[in-house]
Q: 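Can you read through this structure? Questions will come right after.
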Amino acid sequence: MQSYGYNEFTKYLQNWTAAQGSGGTSVAIGGSNTMGSWVDLFGATLDEDGYGIHIKVQNSHTSGSNRPILIDIGMDTAGGTSYTVLIPYLGVAGPLDGGGTSWRSAMYYLPVFMPEGSRIAARAQTSYGTPGTTQIRARIAMGPTNPQFVRCGTYVDAIGADALNSVGTEYTPGNNTDGSWTSLGTASREAWFATMGLINASSSATNNFFVTDLAVGDATAKQLLMERLQCGHSSQIATVWNQYPEQAQHCVIHDGDELFVRGNEPGTPDSNYTAIAYLVGGQ
Amino acid sequence: MGRLATRHNVFLAQQRNWTANDFGSSITPGASDANGSWVDLFGNTTDEDSWGIWLTFTSGSGSNTDTLCDIGVDTAGGTSYSVVIPNLIAGYAAAVASTTTLARTYFFPIFIPKGSTVAARAQQGLSTVVSFKLRCRLLQKPTHPELMKCGTFVEDIGTNSTTSKGVSITPGASKSWGSWTSIGSPTRDAFYWHGEIGIASARGQNYLADWGVGDGTTFRTLLEAQTVGTGSGQNSAEWIPAAWRYATLPAGAGLYCRIQGGDGTLDPCYGAIYVVGGFGGV
């Protein structure tokens, strides 16, 4: 029998107000695979508890260039600027102008708890020789009517991140077939929510899209966590965008569980596909 | 802060109508605002009880494609479909494998019993129609159904089957807000909502949409500043997590939308809201 109740979020906080123009917060990217400085995303502390954050990264694309970026989301629960990493290594590859005319940018949703009075910030790194800036749009859900229906975590682990090169773990999609499973690594803590980021760290792309599966298991048996996550990339622009982030979902992951990815491309795959799994845990 | 949940539901199975490199079922709309034929989305009955349905529309062309789509179910597994999700705005969606815009995506927490067939049909304003693709994913085998809130119906509010559009909403120009526009009211109590914006012949502008419940003067915000991106005749709205769409909407509640446009030339906008109610999965 299903639930009689449900939760409604009555308030949202977002860091943009206008229909055109930049929208969101500009973050200077650190070069040489070193994180840059923290940038306050909202310009103020949270006036209520936050129960999940939706992140969209955009405006950091250079045509024909390999521009992978890793982004940390940090939080200072005291409201200052001594940030602790809450969400590590969100991966993007040359996201375009998503605030303007397109949605060619990476999106992430993570159900993490952010207490009232916290300050939320972001920092970024890249291997690209001209780091520049990226733009981050963030929206936080607040004011739950029935928090007993809200599952919210206190930490996020990034499995498969390669911070030395600002990418994820490399895997090779099959040509019109599923490629081999590639291990991203193992979970170091219990987790109950999973999502995935993809970075095609290449300066060009042949096809328009590819799909990737995320699974947990071992060499012989796997349980799919995300199935056929579709990402776009283009021959004109070297970027990857998560077209269907709704596939992120609740799961059960134990300390020591191994995460895997495999891909499928409608044609000869390009090179340098990388993936990172993000696992939310805690209470 | 109240006590948060310590458990969660996991869906152990999904059923989808697409493989790796296609975009689901091809749907040919009826012309001139008439419904076309039903298309079975899965080619067989549902494997398990389903507790939610994801729908993603991609179009074959970004040209003028005012399109509404029904989702039908025959719980007996035949072809006598009853409409369970009416008149989804499906037009002006991103072309298949678009490099510009997101496809139109909907999620509805409704219950579809095991052994059902699920189908789609559509109507379009054109006299020479443009087909589109529809991907469908059913969420099945919940580990904790007692944590799920699931409905039995979806009600469309603001759609116009004589034009294959929604309610006309005039956007404010130059980053100012247009007026709150009434979309309509649900005729039954609801607990979940999805607002959708269609923009005809969009030319690469950016818009924001506010959604609210009210009386025309005073509003309770459902969602603020939802970004609506456009490009090459296509448009799509900022994806919102399904968990953020639950809201108590009693029968008769006034549902409204207002739109802010950017600095350039604005295109005609229209909107509709879809609400979920009922008590499914018992």
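Here is the naming used below: chain letters follow the sequence lines, and residue numbers restart at 1 for every chain. This one's a predicted model, so the numbers in the text were calculated from it and none came from an experiment.
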Q: Given heavy-atom pairs under 4.5 angstrom as the criterion, report whether the side chain, backbone, both or neither of A/N146 touches chain B.
A: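 Neither part.
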
Q: Side chain, backbone, both or neither: which part of A/T145 has a non-hydrogen atom closer than 4.5 Å to chain B?
A: neither

Q: Answer yes or no: does atom NZ of B/K141 have more than 12 heavy-atom neighbours from other residues, nucleotides or ligands under 6.0 Å?
A: no

Q: Where on B/A225 is there a heavy atom nearer than 4.5 Å to chain A: the side chain, the backbone, both, or neither?
A: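 Interface part for B/A225: both.
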
Q: Would you name the heavy atoms of A/T17 and B/L208 that are closest together and state the gap between them?
A: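 So the minimum-distance heavy-atom pair works out to O-CD1, 3.2 Å.
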
Q: Examine whether an atom of B/L139 lies under 4.5 Å from a heavy atom of chain A, and if so say whether it belongs to the side chain, the backbone or both; otherwise answer neither.
A: neither

Q: State whether A/R139 and B/E224 are salt-bridged, where the test is any N-O pair (Lys NZ or Arg NE/NH1/NH2 against Asp/Glu carboxylate O) under 4.0 Å.
A: no

Q: What distance separates B/R245 CZ from A/E8 CD, expressed to the nearest 0.5 Å?
A: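 Those atoms lie 13.0 Å apart.
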
Q: Between A/Q223 and chain B, which part of the residue has a heavy atom less than 4.5 Å away: side chain, backbone, both or neither?
A: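 When you check distances to chain B, only side chain atoms of A/Q223 fall under 4.5 Å.
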
Q: For chain A, which of B/T221, B/I259, B/L223 has the most heavy-atom pairs under 4.5 Å?
A: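 With the most close heavy-atom pairs to chain A, the winner is B/L223.
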
Q: Can you tell if the side chain of B/T227 reaches within under 4.5 Å of the side chain of A/W16, non-hydrogen atoms only?
A: yes

Q: Could you tell me whether the side chain of A/Y12 and the main chain of B/W244 form a donor-acceptor pair under 3.5 Å?
A: yes

Q: Let me know if B/A209 has heavy atoms under 4.5 Å from chain A in its side chain, its backbone, both or neither.
A: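 No part of it gets close to chain A.
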
Q: Below 4.5 Å, heavy atoms only, C-beta onward: do A/R151 and B/L147 meet side chain to side chain?
A: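 A side-chain contact under 4.5 Å is absent here.
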
Q: To the nearest 0.5 Å, how far apart are CG in B/L12 and CG in A/L224?
A: 12.0 Å

Q: Considering only heavy atoms and a distance below 4.5 Å, find which of B/L222, B/T143, B/V10 pairs most often with chain A.
A: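 Most pairs with chain A among the choices: B/V10.
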
Q: Taking the side chain as C-beta and beyond, is there a heavy-atom pair between B/N9 and A/H250 under 4.5 Å?
A: no

Q: Could you grab the distance from atom CZ of A/R228 to atom CZ of B/R137, nearest 0.5 Å is fine?
A: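 So the gap between those two atoms works out to 9.5 Å.
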
Q: With distance as the sole test, does A/H54 use its side chain to make a donor-acceptor pair with the main-chain N or O of B/I240 at under 3.5 Å?
A: no

Q: Measure B/F107 against the heavy atoms of chain A and call it side chain, backbone, both or neither at under 4.5 Å.
A: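 Nothing of B/F107, per the 4.5 Å heavy-atom cut-off to chain A.
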
Q: Does B/K114 NZ have over 12 foreign heavy atoms under 6.0 Å away?
A: no

Q: To the nearest 0.5 Å, what is the distance between NZ (B/K149) and CG (A/N7)?
A: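 Rounded to the nearest 0.5 Å, the NZ-CG separation comes to 13.0 Å.
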
Q: Mind checking whether B/T248 and A/Y6 have side chains closer than 4.5 Å, heavy atoms only?
A: yes

